[in-house]
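Below: the structure, in structure tokens.
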Amino acid sequence: MMQDHAHATLTGLFALMLLALGQAGAVRAEDDVERRIDVLLARMTLGEKIGQMVQINAFEGRIPDELRRLVREGRIGSMLNEIEPETSQELQRVAVKESRLGIPLIMGRDVIHGYRTIFPIPLGQAAAWDPELVESCARVAAAEASAAGFHWTFAPMMDIARDPRWGRIAEGFGEDPYLASRLAAAMVRGFQGDDLSSPHSIAACAKHFAGYGAAEGGRDYNTAVIPEGLLRDVYLPPFKAAVESGVASVMTSFNEINGVPSSGNAFLLRQVLRDEWGFRGFVVSDWDAMTEMIEHGFAHDLKDVAVKSLRAGVDMEMQSPAYAEHLAELVQAGVISQDLIDQAVRNILRIKLRLGLFDGRALVLAKKPGPPTAESMALAKRAAIESVVLLKNERRLLPLPRPNASIAVIGPLADDPYEVLGTWNRDGQPEDTVTPLAAIRSLLGAQAKIRYVAGLPSTRSRDRSGFAQARAAAQSSDVILVFAGEESILSGEAHSRAYLNLPGAQDDLIEELSKTGKPIVLVVLAGRPLTIGRVAAQSQAVLYAWHPGTQTGSALADLIFGLESPSGKLPVTFPQAEGQIPVYYAHKNTGRPPEKLTLIGIDDIPPRSKQSAPGDASRYLDIGYLPLYPFGYGLSYGEFAYANLRLSSTRLALGDTLRVSVDVSNKGGMQADETVQVYVRDLVASLTRPVKELKGFRKVRLKPGETQSVAIDIPVASLGFHNAAMRYVVEPGAFRLWVGGDSQSGLAAEFEVVDK
Ligand code: NOJ
């Protein structure tokens, strides 16, 4: 016993020593980087310093002499989109070997959900509720992109989006700050690895700072008006999590926020990012976002732009010329201090040094990767499988039996290798894609009767000439599989939509098919939640697959035919109709919450009614108040039951951690994964709190008949909010908690936070 104790103490001491040594090593490495920056800064001319702050876009074809000269003179610090490894290499050689101080360029590209291997769009990855998966996908993307000569990606995007009209909802992790924070941190870890200087790591970029997803009306680039408390409680947490994970860079957003464009926003870039969070990387503006401050009505001209952005804390300018053209004269005129320039350059050089660019990495021969390896294909398949959400499964139509299958495969996306790769697919190749039709054919083999008719040439098409053939194929089959949705170009930057139905004549195609009376399995491939109420009602099963990437078909075939169970959960609320937007689960209760009252619908109000309708409450007369599908929702081929909710304590102090335990059983006949979610409400507070907020989740795998006790820890410190004085506080008092498989169901309990 004594011996054991002594042994444990020694082991503990040894671990502490190692930790201390590790920490000391890290501090030494950091000091070393700062010393190297001091040496460089002391030797740099003002022109060379400003050069580090300039990023330009790639040129096609031969390197222009002018560009060569600029790089040689140290007038450019970074390039984006230089995709030919040879050109990139040559420019890097000029920077390192021919410029006076040999400072390498940092080469950036939008590697958003994969480089050559395309993983599900970020919103799809979010539906997997699996940080480790997100990290692994980013790791593969980093390895492929770094092999091609890139050192930096403009990802992850972590803008909270509560408006599916906004096309860029596809690029982020959805509506919830907690889920988005976990996934943003995971993606940063994946891109950057443990060591930024590893040849397989690339610098990540937290974007778009901040509030971009709150664009009014969901119209891209539009104004965001966000009270500071909401900003701090909802929009900023993913960025904070990224900074805590060591993200190397941050990108400003296009929007103005409360009247101040992000690229001129000292509150965000200096006060919050640097002073409060201690960010040590560098800030890059978004493409032309600095000069757009003129259009915003925030700056007079380019010179004014340069002053405002530098003072606000933008270190590097993407694409536009304000810094290159005006910083030198501004310093000479004494408007801008050398010190501000030095700070910006220091931030940039720090990341270049940490990336190992000065230590040989810049000149490593780059080569575009070939087709995805078997391992990355396997990961892409796992990611696609985990991202798909089963929204409906009437009479357990899915999974379909494989023997003697007789199926009609219909829809514009059934055999399209490009559109399913989604927005921001820059380097993925359609020839790598496994389409649903190809995968179904290969899974079912020659015996199966598969009748394929696209029905529509594209998702936007209104050409009904293929309907009759599609209907005939459906009529002669046992089941209809419809692959509908949105082409990749309909989501992403500048691609907001006011109508969120399936585009083109897809609704009509499904209606036509439904007339056969054959069961329909609808698979939706889209970059955002769509208003699929009508077509979902005409279908017996619905799988929401987002844009799943390279392994779209293999993943969907495995799910449809039951080799795997769906396990995705919605990372965003699905509206019934556009007029209901914004609709999100963490809303406030209002003084007249609708669930308390018997509601009357628009058709039931008597004519010439003077009286207001019974059930005056916060809802719509025509569609009520419920979403089509709530946040966190997703069915499975398993059948999960929750029981025996336990709290470690029902009275907790501010520093405590609440352990929530629940027994989850799979009463179904198939092994399946369930994501157990914990939501909390602070019942009475000095500022009203949302009706529910996600505070923890855990994904578990359960065999048929298996029960697991699942424990999730919730630090009391995470239950706070920013009060009227903008202080983060956890206010003592009563809280309610729910544990379940989505945001609208679950077992409930109460606990109290006490101030002791
Ligand atoms: C503009 C987009 O907003 C941003 O997300 C992207 O990284 C840059 N362009 C560079 O392509």
Side-chain angles (χ1 to χ4, degrees), residues 54-60 76-83 88 105-115 121-123 138 141-142 145 148 150-161 166-173 180 184 187-188 191 202-215 218-224 235 238-239 242 247-257 261-263 265 281-293 295-296 309 314-321 422-428 488-489 491-496 527:
V54 173
Q55 183 188 56
I56 60 157
N57 195 33
F59 292 77
E60 274 190 23
I76 292 174
S78 172
M79 291 188 68
L80 75 156
N81 297 328
E82 188 52 72
I83 50 169
S88 168
L105 300 165
I106 176 168
M107 297 290 192
R109 180 132 177 106
D110 290 280
V111 180
I112 307 297
H113 51 109
Y115 183 77
I121 54 168
L123 191 60
F150 293 105
H151 318 119
W152 180 22
T153 176
F154 308 122
M157 183 187 110
M158 53 197 72
D159 298 309
I160 296 299
W166 191 51
R168 301 200 80 168
I169 195 171
E171 294 175 52
F173 303 120
M187 202 178 263
V188 169
F191 285 130
I202 56 178
C205 183
K207 75 185 189 186
H208 306 83
F209 198 58
Y212 187 32
R219 188 159 55 83
D220 203 8
Y221 313 123
N222 207 3
T223 305
Y235 291 89
F239 291 93
V247 72
S249 67
V250 166
M251 188 187 288
T252 64
S253 54
F254 286 124
N255 55 289
E256 63 151 86
I257 177 165
S262 299
S263 298
N265 202 317
F282 70 91
V283 174
V284 64
S285 61
D286 201 347
W287 181 280
D288 277 347
M290 280 172 46
T291 53
E292 285 171 14
M293 295 200 297
E295 292 290 344
H296 276 291
S309 288
V314 179
D315 301 315
M316 183 186 281
E317 180 174 11
M318 182 186 281
Q319 171 63 14
S320 51
T423 184
W424 277 127
N425 159 41
R426 308 214 99 182
D427 302 284
S488 56
I489 194 68
S491 54
E493 187 178 344
H495 293 133
S496 296

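These numbers come from the heavy atoms of this one structure, side chains and all, not from hydrogens, waters or symmetry mates. By convention here, the first residue in the shown sequence is residue 1. Both ligands and their constituent atoms are indexed starting at 1 by order of listing.
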Give me the ring orientation class for His208 and Phe254: parallel if the planes are under 30° apart, tilted from 30 to 60°, perpendicular past 60°.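 Correct class here is parallel.
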Below 6.0 angstrom between ring centroids: does that apply to Phe282 and Trp152?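 Yes, close enough.
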Is there a donor-acceptor contact under 3.5 Å from the side chain of Ser253 to the main chain of Phe209?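 Looks like yes, one N/O pair under 3.5 Å.
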Is the backbone of Asp286 close enough, under 3.5 Å, to the side chain of Thr252 for a donor and an acceptor to pair up by distance?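 Indeed, once roles are kept as given, a pair shorter than 3.5 Å links the two residues.
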May I have a table of the N/O to N/O pairs between ligand 1 and the protein that fall below 3.5 Å, each row giving the two atom names and the distance to 0.1 Å?
residue: ligand 1; atom: 3 (O); partner: Arg168; partner atom: NH1; Å: 2.6
residue: ligand 1; atom: 3 (O); partner: Arg168; partner atom: NH2; Å: 3.4
residue: ligand 1; atom: 3 (O); partner: His208; partner atom: NE2; Å: 3.4
residue: ligand 1; atom: 3 (O); partner: Asp286; partner atom: OD1; Å: 3.4
residue: ligand 1; atom: 3 (O); partner: Asp286; partner atom: OD2; Å: 2.5
residue: ligand 1; atom: 5 (O); partner: Arg168; partner atom: NH2; Å: 2.9
residue: ligand 1; atom: 5 (O); partner: Lys207; partner atom: NZ; Å: 2.7
residue: ligand 1; atom: 5 (O); partner: His208; partner atom: NE2; Å: 2.7
residue: ligand 1; atom: 7 (O); partner: Asp110; partner atom: OD1; Å: 2.6
residue: ligand 1; atom: 7 (O); partner: Lys207; partner atom: NZ; Å: 3.1
residue: ligand 1; atom: 9 (N); partner: Asp286; partner atom: OD1; Å: 3.4
residue: ligand 1; atom: 11 (O); partner: Asp110; partner atom: OD2; Å: 2.5

Ser262 versus Ile257: any side-chain heavy-atom pair under 4.5 Å?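 Yes, close enough: below the 4.5 Å cut-off.
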Pairing residues for Ala180 by the side-chain contact (heavy atoms from CB on, under 4.5 Å) criterion, not counting sequence neighbours: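 With sequence neighbours excluded, Ala180 shows a side-chain contact (heavy atoms from CB on, under 4.5 Å) to Ile160, Phe173, Pro238, given in chain and number order.
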